[in-house]
Q: 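Here you go, one structure.
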Amino acid sequence: MNRIYIEQLSKHIGKEVTLRGWLYIKRSSGKIKFVVMRDGTGLVQGVIAKSEKSDELFAKFEELTQESSFIMKGKVRKEDRAPGGCELDVSDIQIMQIAKDYPITPKDHGVEFLMDRRHLWLRSSRQHAILRVRHHIIKAIREFFDDGGFLLLDAPIFTPAACEGTTSLFETPYFDLGTAYLTQSGQLYGEAGAMAFGKVYVFGPTFRAEKSKTRRHLTEFWMVEPEVAFSDLDDNMDLAEEFLEYIVQSVLKHRMPELQTLERNTTFLSNVKRPLPRITYDEAVEILRKQGVTFEWGNDIGGTDETIVSEQFDRPVMIHRYPAETKAFYMKRDPKNPKLSLALDVLAPEGYGEIMGGSQREDDLDVLLQRIKENNLPQEAFEWYLDLRRYGSVPHSGFGLGVERTVSWICGLDHVRETIPFARMIYRLTP
Ligand code: 4AD
Ligand code: MG
């Protein structure tokens with residue numbers, strides 16, 4: 001198909017082109033009229049000046065309203081002052097549909113008003129920038145693992161049991177088999193994949209019935225989870241930092257215009273280079289106490305505390321070896337101190353907090369059985385998972401990176417709701 005989009009116009013200077021899109025804004029200046037069209041790839045200003053067709057074109061110009069769809073023909077002219085470097089001398093306009101009273105106007109709207117009209121809000125240039133960065137992050141994630149020899153393993157969304165605690169499970173009736181749960185993480189399946197293929201990554205939507213109304217929580221979010229056989233916690237941290245550096249540097253290389261639209265200060269992003277600082281949970285607790293936080297050893301490092309710790313660093317920081325009590329059943333205990341799990345969290349700087357969580361996994365059958373009992377999990381549902389320890393068990397580890405939190409941090413947003421096309425939160429199921 002030989003269709004021309006606005007982002008390609010600089011390659012068509014001096015040529016007659018046909019553009020298809022929507023009216024972004026229009027204005028007149030004396031006898032000249034300007035129509036700014038958006039087509040999803042960019043904006044271009046069409047100029048209607050006096051000509052033998054101008055009466056007809058002026059009438060069309062009068063009719064056009066914000067977000068009306070139309071086809072515009074004209075000759076591309078180089079115009080250095082215009083965004084994209086081109087303008088169009090309009091020779092014809094064909095109106096497809098006139099939009100009446102488009103609700104999102106250039107004035108300031110409240111965020112809930114905009115979230116209610118998310119299906120329309122997606123048309124704005126800020127949302128374009130965010131979702132383009134999101135797309136690029138996902139592309140970089142795939143590139144990193146694909147080029148690194150990881151097999152993509154798609155985990156199921158309907159699952160028979162909890163992976164990340166029983167308090168945040170979404171349930172759904174499942175025919176004669178009782179209850180299915182929407183997956184909280186594909187990790188357990190990733191582990192089966194790692195034993196089959198050596199190294200894999202699971203990438204898909206995950207679900208948490210979290211009653212949190214924070215700027216970091218969605219009920220449906222995307223997670224990428226690599227899992228590697230014959231890999232311990234140190235190997236896992238090496239992989240995590242290489243991965244994070246790759247994503248951030250790739251966004252800086254390819255998506256600078258979008259970051260500029262978002263007025264993102266990229267100093268901290270340029271710092272995302274190996275090695276990243278690695279501190280233990282104990283050291284993190286020390287940092288908190290030095291900052292005047294009364295923190296009891298053994299507690300999880302929650303939202304505000306994460307912010308305080310991450311603010312002490314100019315790049316992401318890895319915290320490892322957490323108190324086992326706060327962490328998931330599948331994590332291996334530290335052989336040097338069984339009170340600790342070989343867990344890993346990566347906190348983004350600038351107060352963004354946790355973007356990655358992972359661990360070395362428990363690979364001993366009896367210990368894992370014990371953990372399943374301690375956590376009151378139904379052993380039956382985990383028999384297949386226990387098989388991975390019965391047949392050729394090896395040390396293995398992996399982590400999960402939350403896409404939306406990563407987008408939020410890289411774009412410098414104050415809430416994850418704008419990082420996904422249609423956010424799902426405790427109080428939002430529409431549009
Ligand atoms: O730390 P989490 O719970 O780890 C796991 O699910 C492991 N099974 C991953 C693994 O080892 N394969 O979640 C991983 C990441 C978090 O660091 C965060 O970025 C994101 O998933 N995340 C959320 N993002 C948005 N909304 C929520 N409610 C999230 N919960 C977790
Ligand atoms: Mg976590």
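First listed ligand is number 1; within each ligand, the first listed atom is number 1.
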Q: N/O of F221 under 3.5 Å from N/O of ligand 1, yes or no?
A: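 The answer is no, given that F221 and ligand 1 share no N or O pair closer than 3.5 Å.
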Q: Applying a 4.0 Å heavy-atom criterion (strictly less than), which segment of M356 is in contact with ligand 1: side chain, backbone, both, or neither?
A: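 Contact part for M356 vs ligand 1: backbone (N, CA, C, O).
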Q: Identify the protein heavy atom lying closest to atom 14 (C) of ligand 1, giving its residue, its atom name and the separation to 0.1 Å.
A: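 Residue, atom and distance for the closest contact: M223 SD, 3.4 Å.
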Q: Any chance the side chains of T307 and T304 put a donor and an acceptor closer than 3.5 Å?
A: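 The criterion, which ignores hydrogens and geometry beyond distance, is not satisfied for T304 and T307.
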Q: Would you mind naming the N, O or S atom of E354 nearest to the Mg ion (ligand 2)?
A: OE2
Q: Atoms of ligand 1 less than 4.0 Å from S185 heavy atoms?
A: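 So the atoms of ligand 1 that pass are 6 (O), 8 (N).
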Q: Closest non-hydrogen protein atom to atom 26 (N) of ligand 1, residue and atom name please, with distance?
A: L218 N, 3.0 Å
Q: Of R361, R208, R405, R424, which has the heavy atom at the shortest distance from atom 11 (O) of ligand 1?
A: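 It is R361 that holds the nearest heavy atom.
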Q: Quick check: C163 and ligand 1, any N/O pair under 3.5 Å apart?
A: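 Such a contact does not occur with ligand 1.
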Q: Scan side-chain atoms only and decide if Q127 and E418 contain a donor-acceptor pair under the 3.5 Å cut-off.
A: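 Distance-only check passes for Q127 and E418.
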Q: Between the side chains of E191 and H396, is a donor N or O closer than 3.5 angstrom to an acceptor N or O?
A: yes
Q: Determine whether any heavy atom of E404 lies closer than 4.0 Å to an atom of ligand 1.
A: no
Q: Under 4.0 Å from a heavy atom of G402: give me the atoms of ligand 1 that qualify, with their elements.
A: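 What qualifies from ligand 1 is 15 (C), 19 (O), 20 (C), 21 (O).
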Q: Give the residue and atom name of whichever protein heavy atom lies nearest to atom 12 (N) of ligand 1, and the separation in Å to one decimal.
A: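 Scanning the protein heavy atoms, the shortest distance from atom 12 (N) of ligand 1 goes to E225 OE1, 2.7 Å.
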Q: Could you check which of E191, Q187, R216, Q184 puts a non-hydrogen atom nearest to atom 25 (C) of ligand 1?
A: R216
Q: Between the side chains of E350 and S310, is a donor N or O closer than 3.5 angstrom to an acceptor N or O?
A: no
Q: Contact between V416 and ligand 1, counting heavy atoms under 4.0 Å?
A: no
Q: Does an N or O from G358, backbone or side chain, lie closer than 3.5 Å to an N or O of ligand 1?
A: no
Q: What do we get for Y201 next to ligand 1 when only non-hydrogen atoms under 4.0 Å count, side chain, backbone, both or neither?
A: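 None of Y201 does.
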Q: With respect to E164, determine whether any N or O atom, backbone or side chain, lies less than 3.5 Å from an N or O atom of ligand 1.
A: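 Between E164 and ligand 1 (N or O atoms, distance only) the closest approach is under 3.5 Å.
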Q: State, without any angle test, whether E306 and Y352 hold a side-chain donor-acceptor pair at a distance under 3.5 Å.
A: no
Q: Where is the tightest heavy-atom contact between C86 and V44, given as atom of each residue plus distance?
A: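 Nearest heavy atoms, C86 then V44: O-CG2, 3.8 Å.
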Q: Which protein heavy atom lies closest to atom 19 (O) of ligand 1, and at what distance to 0.1 Å?
A: I355 O, 2.8 Å
Q: Pull out every atom of ligand 1 sitting under 4.0 Å from any heavy atom of G357, numbered as shown with elements.
A: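 Within the 4.0 Å cut-off of G357, ligand 1 contributes 1 (O), 9 (C), 10 (C), 11 (O), 17 (O).
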Q: Quick one: nearest non-hydrogen protein atom to atom 28 (N) of ligand 1, plus distance?
A: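 Ranking protein heavy atoms by distance from atom 28 (N) of ligand 1, first comes E210 OE1, 2.6 Å.
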Q: Hey, is the main chain of F61 close enough, under 3.5 Å, to the side chain of K26 for a donor-acceptor pair?
A: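 The answer is yes, because a donor-acceptor pair under 3.5 Å joins these two groups.
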Q: Under a 4.0 Å heavy-atom limit, does F399 contact ligand 1 with its side chain, its backbone, both, or neither?
A: backbone
Q: If we ignore angles and hydrogens, is there a donor and acceptor under 3.5 Å between the side chains of S250 and H136?
A: yes
Q: Cation-pi between R389 and Y385: NZ/CZ under 6.0 Å from ring centre and within 45° of the ring axis?
A: yes
Q: Return yes or no for this condition: an N or O of E227 is under 3.5 Å from an N or O of ligand 1.
A: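 Among all N and O atoms of E227, none is under 3.5 Å from an N or O of ligand 1.
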Q: Among all protein heavy atoms in this structure, tell me which lies nearest to atom 17 (O) of ligand 1, with the distance rounded to 0.1 Å.
A: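 Here the nearest protein heavy atom works out to E354 OE2, 2.6 Å.
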Q: Under a 4.0 angstrom heavy-atom cut-off, which atoms of ligand 1 come close to Y330?
A: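 Ligand 1 atoms under the 4.0 Å threshold to Y330: 7 (C), 8 (N).
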Q: Using only heavy-atom distances, determine whether the side chains of H128 and S125 contain a donor-acceptor pair under 3.5 Å.
A: no
Q: Is there a donor in the side chain of D282 and an acceptor in the side chain of T280, or the other way round, less than 3.5 Å apart?
A: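 Side-chain D/A pair, D282 to T280: absent.
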Q: Considering residues, nucleotides and ligands other than E380, do more than 12 of their heavy atoms fall under 6.0 Å from its CD?
A: no
Q: Measure across E362 and R333 and return the closest heavy-atom pair with its distance rounded to 0.1 Å.
A: OE1-N, 4.0 Å
Q: So T183 and T159, side-chain hydrogen bond (donor to acceptor under 3.5 Å, both in side chains) or not? Walk me through it.
A: CA-CA 6 Å; T183 187; T159 60; 4.9 Å; no
